[in-house]
Amino acid sequence: MTRKASSPAPSVAPDPAILRRALSEIKAGHFENTLTALSHSAADSADNGVEILRAFCLAGTGKPKQAAEILCRIAQENPTAVHPLQDLSTIMAELDRRPDAAAACRMALKITPQDARIHDVLGGVLTQMGLFEEAVETLRTSISLRPNATYSYNMLAMALTESGKMAEALRVLEDVLEEHPEHAGTLSNIGCILAGEGRFEEALTAYRRAITQRPADAQIRLNHSITLLKAGRYAQGWAEHEWRLKLPGHSTLPQDRLLPSLGPDTDLTGQRVLVTQEEGLGDTLMYLRYVEPLARRGAHVHLWVPDTLEDLCHRLEGVGTVQVGGELQPYDWHCPFISLPRVFAATSDAMGAPVPYLKADPEKVKTFAELLPDNHKLNVGLIWGGAPRPTLIGPNMVDRRRSMSLHTLEPLSTIPGINLISLQKGPYADQMLDPPRDMILYDPTDELHTMDDTASLMMSLDVIVSVDTSSVHLAGGLGKPVIMMDRYDNCWRWLHGQDTSPWYPAMHIIRQTTPRRWDDVVQKVAQRLRTMGAYRA
């Protein structure tokens with residue numbers, strides 16, 4: 001009697017809810033348990049979605065070879081689609097585990113070395129890690145495999161720009177433009193580099209061409225606005241800057257209740273204006289100058305801010321309510337802090353209240369003054385690093401450009417007549433465990449828990465020397481003298497080619513003359529402090 005061969009059991013499509021939960025767990029970094037759960041699902045399913053998530057878990061548990069084998073097999077089935085390694089790299093970046101993504105990419109290249117998509121992903125990860133030479137080499141390999149891929153050229157230009165080779169990056173993009181004269185992404189990137197070089201007319205021309213091709217692209221419009229602002233074209237720049245509100249996930253508050261631009265005589269009497277935290281602390285500290293002009297028009301100004309700013313905000317002229325956490329409260333209008341300059345652009349308060357618009361607590365000022373040396377020398381507050389934010393790609397790369405090592409400031413240690421007082425918080429503060437030779441650095445930062453504490457200490461300092469962080473806005477808003485050490489491709493608010501600021505009258509800016517090089521900046525700071533210390537003596 002012959003037996004009929006049994007048919008294989010049909011595969012069962014995975015439950016989408018299970019896949020969503022698994023992805024959520026992976027994004028939270030829970031790889032081990034998720035891998036176990038997905039392995040059970042994989043036994044009953046040949047679904048690529050399950051396999052991709054399993055591969056992500058394998059990469060996250062130190063098995064890059066197994067992860068690469070799965071992802072390469074799936075990628076070969078879809079040669080024109082985005083390689084699944086791209087999603088892996090995004091997840092690992094958000095977990096600050098970029099080496100795991102790089103390891104999976106390198107293993108994938110051993111399996112399918114001719115897949116340009118893998119070179120692109122690896123090049124992007126290496127750029128984020130600051131491994132620029134390897135990133136450039138990897139991206140050039142991608143271009144050799146796929147010469148017409150505009151994306152790869154733009155990635156190469158980004159790697160070159162991050163390494164400080166702006167001219168070379170510009171040549172790469174100009175070559176792309178010869179073949180694709182209306183490619184919006186390339187035009188926007190050209191505009192960004194030109195703006196960093198202070199070539200504003202050329203940059204704005206590039207942006208206008210890009211906007212013609214993609215008029216509703218919020219990121220291009222936002223980049224355009226930043227160039228307008230850096231060129232000092234504030235009225236147009238602030239209006240264009242509202243495009244940021246159209247970026248995914250940027251704001252959930254209704255646009256029809258966004259505070260409109262005010263005229264010279266607009267009356268807001270009896271209306272509650274909810275002003276909300278939007279991005280970094282520096283932006284909020286800068287735009288707190290608009291609280292008093294709002295109140296002068298009759299508004300009840302309701303600030304919703306992080307707890308580190310609460311006490312400082314309570315002392316603002318004209319503030320009505322200061323909220324930290326909690327639920328959304330009733331309002332007539334809402335306004336993100338960064339929209340306030342647009343609101344006042346056509347009024348006499350276009351630059352907000354005059355400095356000082358921030359005030360420290362007088363009693364705390366006395367208390368914190370006791371933490372400083374009393375030797376009649378110049379007390380110099382020192383900050384050499386910002387907030388790395390390693391899980392955010394853009395801010396993390398900006399921080400790498402704006403921050404320096406404490407050892408770079410060694411020339412300040414030999415200046416007579418000054419005390420160096422650390423105001424450095426966060427990861428960069430660990431560098432004080434290995435200070436430069438002969439540097440005596442007073443460190444009162446264990447007593448600084450909020451921006452209000454830092455403001456109180458700053459009032460007893462003679463000058464604050466800092467890279468571009470929220471502390472320069474705090475010191476500037478208090479009216480304290482600031483020497484800001486600025487990166488080459490600086491933030492729009494510091495304009496271009498200027499050593500003073502329209503926002504903070506007591507600020508002096510010393511900017512890099514060569515991308516990524518701080519030596520001459522520090523020498524100029526030392527010279528300025530030497531003069532100030534000699535004057536004090």
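Atom set for the values below is all heavy atoms of this structure, side chains included, hydrogens, waters and symmetry mates excluded. Bear in mind the structure is a predicted one, so any value in this text is a computation, not a measurement.
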Would you mind writing out the side-chain donor-acceptor pairs for residues 72-81 within the sub-3.5 Å range, not counting sequence neighbours?
unit_1	atom_1	unit_2	atom_2	d
Arg73	NH2	Glu51	OE1	3.2
Glu77	OE1	Asn48	ND2	3.2
Asn78	ND2	Ile74	O	3.2

**OP:** Taking atom NZ of Lys364 as the centre, report whether more than 12 heavy atoms of other residues, nucleotides or ligands fall under 6.0 Å from it.
**Re:** yes

Original post:
Quick one: salt bridge (charged side-chain N to carboxylate O under 4.0 Å, His left out) partners of Asp489, sequence neighbours excluded?
Top reply: Arg401, Arg487, Arg516

Original post:
Going by distance alone, is a donor N or O of one side chain under 3.5 Å from an acceptor N or O of the other, for Ser456 and Asp361?
Top reply: no

**OP:** Before accepting this row, confirm whether a basic side-chain N of the pair Asp96/Arg98 lies closer than 4.0 Å to the acidic partner's carboxylate O.
**Re:** yes

Subject >> Parallel, tilted or perpendicular, as decided by the 30° and 60° cut-offs, for the rings of Tyr504 and Trp494 >> reply: tilted

**OP:** Kindly write out the residues that satisfy side chain to side chain donor-acceptor pair (under 3.5 Å) with Arg214, not counting sequence neighbours, or none if the list is empty.
**Re:** Asp217

Original post:
Quick check: are there more than 12 heavy atoms from other residues, nucleotides or ligands sitting under 6.0 Å from CZ of Arg257?
Top reply: yes

Original post:
How about His250 and Glu278: does a side-chain donor come under 3.5 Å of a side-chain acceptor?
Top reply: yes

**OP:** Check step by step if salt bridge (Lys or Arg N to Asp or Glu O under 4.0 Å) holds for Arg21 and Glu25.
**Re:** CA-CA 6 Å; Arg21 284 198 298 273; Glu25 289 294 307; over 6 Å; no

**OP:** Could you label the plane-to-plane angle of the Trp503 and Tyr287 rings as parallel, tilted or perpendicular, counting under 30° as parallel and over 60° as perpendicular?
**Re:** perpendicular

Original post:
Would you call Arg244 and Glu279 a salt bridge, using N to O less than 4.0 angstrom?
Top reply: no

Original post:
Got a sec: does the NZ of Lys65 have more than 12 other heavy atoms crowding it under 6.0 Å?
Top reply: no

Original post:
Is there a donor-acceptor contact under 3.5 Å linking the side chains of Thr445 and Gln424?
Top reply: no

Original post:
Is Glu133 atom CD crowded by more than 12 heavy atoms from other residues, nucleotides or ligands, each under 6.0 Å away?
Top reply: no

Original post:
Counting only heavy atoms not in Asn33, do more than 12 fall under 6.0 Å of its CG?
Top reply: no

Original post:
Are Thr186 and Asn154 close enough, and set up right, to give a side chain to side chain donor-acceptor pair (under 3.5 Å), and what steps lead you there?
Top reply: CA-CA 7 Å; Thr186 300; Asn154 277 269; 3.0 Å; yes

